[in-house]
Amino acid sequence: MELQLALDLVNIPEAKKLVKEVEEYVDIVEIGTPVIINEGLRAVKEIKQEFPHLKVLADLKIMDAAAYEVMKASEAGADIITILGVAEDLSIKGAVEEAKKQGKKILVDMIGVKNLEERAKEVDEFGVDYICVHTGYDLQAVGKNSLEDLATIKRVVKNAKTAIAGGIKLNTLPEVIKAKPDLIIVGGGITGQEDKRAVAAEMKKMIQQGE
Ligand SMILES: O=C([C@H](O)CO)[C@H](O)[C@H](O)COP(=O)(O)O
């Protein structure tokens, strides 16, 4: 199980400071959608340059023009690029093809997918690297989480790795670990805490103990 730090509500200098604090304990740094909207792919480039030993995920949440956007994120240094599960099949296949050409990986974010079981089976056949269940901020606000969805994709996904994101905190991490996703994505559960380093260290320890 890997731990991904999601950076959403920061600028580039703040992102660098945050990664420095927790770099020993995370496997992947996500440059979140809001950061890319504010700072562009320069954020991906600068984080990869400063932390070349960490994998960097560009959370583009691609919906169209997939091959082109995967190419641009790859050029900026992203190791993993996200596309939405609700995108057209052709877009997801195009993203996979371009990622393979560039030696990169594709994570499919299943946020907003209504027919989760059926769609997870389909995208799994397209050769994607990760399939991620995700409760976005707007559904977190009304008390939802993705544990049930994780169980669903764990049951039907045969090729891709599974991932979970959305509102995971230290106190909810044990039940996530019990469900054994390949990748656990944590944003505010680390970045919103007073002692980020201590929380990231504790999360990493719990994940290692759960393996
Ligand atoms: O993808 C995300 C969200 O849509 C904003 O871009 C977050 O990175 C993801 O939800 C993880 O963050 P937390 O929910 O704060 O753990």
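Counting convention: from 1, in listed order, for ligands and their atoms alike. By convention here, the first residue in the shown sequence is residue 1.
Using a 4.0 Å cut-off between charged nitrogen and carboxylate oxygen, Glu98 and Lys104 do not count as a salt-bridge pair. Checked for salt-bridge contact, Lys72 and Glu69 miss the test: no charged N lies under 4.0 Å from a carboxylate O. Of the charged side-chain nitrogens involved, none lies within less than 4.0 Å of a carboxylate oxygen, so that Glu211 and Lys180 do not count as a salt-bridged pair. Taking 4.0 Å as the cut-off between side-chain N and carboxylate O, Glu50 and Lys16 count as a salt-bridged pair. Ion pairing between Arg42 and Glu39 holds under the 4.0 Å rule for side-chain N and carboxylate O.
Residue Gly32 places no N or O, backbone or side chain, under 3.5 Å from any N or O of ligand 1. At a 3.5 angstrom cut-off on N or O pairs, Gly167 counts as close to ligand 1.
Of the protein's non-hydrogen atoms, the one nearest atom 11 (C) of ligand 1 is Ala6 CB, 3.9 Å. Atom 9 (C) of ligand 1 has as its closest protein heavy atom His134 NE2, 3.6 Å. Looking only at protein heavy atoms, the nearest one to atom 15 (O) of ligand 1 is Gly188 N, 2.9 Å. Looking from atom 5 (C) of ligand 1 to the surrounding protein, the closest heavy atom is Asp8 OD1, 3.5 Å. Looking from atom 4 (O) of ligand 1 to the surrounding protein, the closest heavy atom is Lys61 NZ, 3.0 Å. Among protein heavy atoms, atom 16 (O) of ligand 1 sits closest to Gly187 N, 2.8 Å.
Under the 4.0 angstrom criterion for non-hydrogen atoms, Lys169 is not in contact with ligand 1. Taking 4.0 Å as the cut-off, Gly189 does not count as a neighbour of ligand 1 on heavy-atom distance.
Within the listing of ligand 1, atoms 1 (O), 8 (O) sit less than 4.0 angstrom from a heavy atom of Glu30. The atoms of ligand 1 that sit less than 4.0 Å from any heavy atom of Gly166 are 10 (O), 14 (O). Listed by atom number, the atoms of ligand 1 under 4.0 Å from Gln140 heavy atoms are 14 (O). Residue Tyr137 approaches ligand 1 through these ligand atoms, each under 4.0 Å from one of its heavy atoms: 5 (C), 14 (O), 15 (O).
The two residues Ala99 and Ile106 make their nearest non-hydrogen contact at CB-CG1, 3.6 Å. Glu24 and Arg197 get closest at one heavy-atom pair: OE2-NH2, 2.8 Å.
Considering only heavy atoms from C-beta on, Glu23 comes within 4.5 Å of Leu54 through its side chain.
Proximity of Asp59 to ligand 1, defined as any heavy-atom pair under 4.0 Å, is confined to the side chain (atoms from C-beta onward).
Between the side chains of Thr33 and Asp59, at least one donor N or O lies within less than 3.5 Å of an accepting N or O.
Residues passing the side-chain hydrogen bond (donor to acceptor under 3.5 Å, both in side chains) test with Glu97, sequence neighbours excluded: none.
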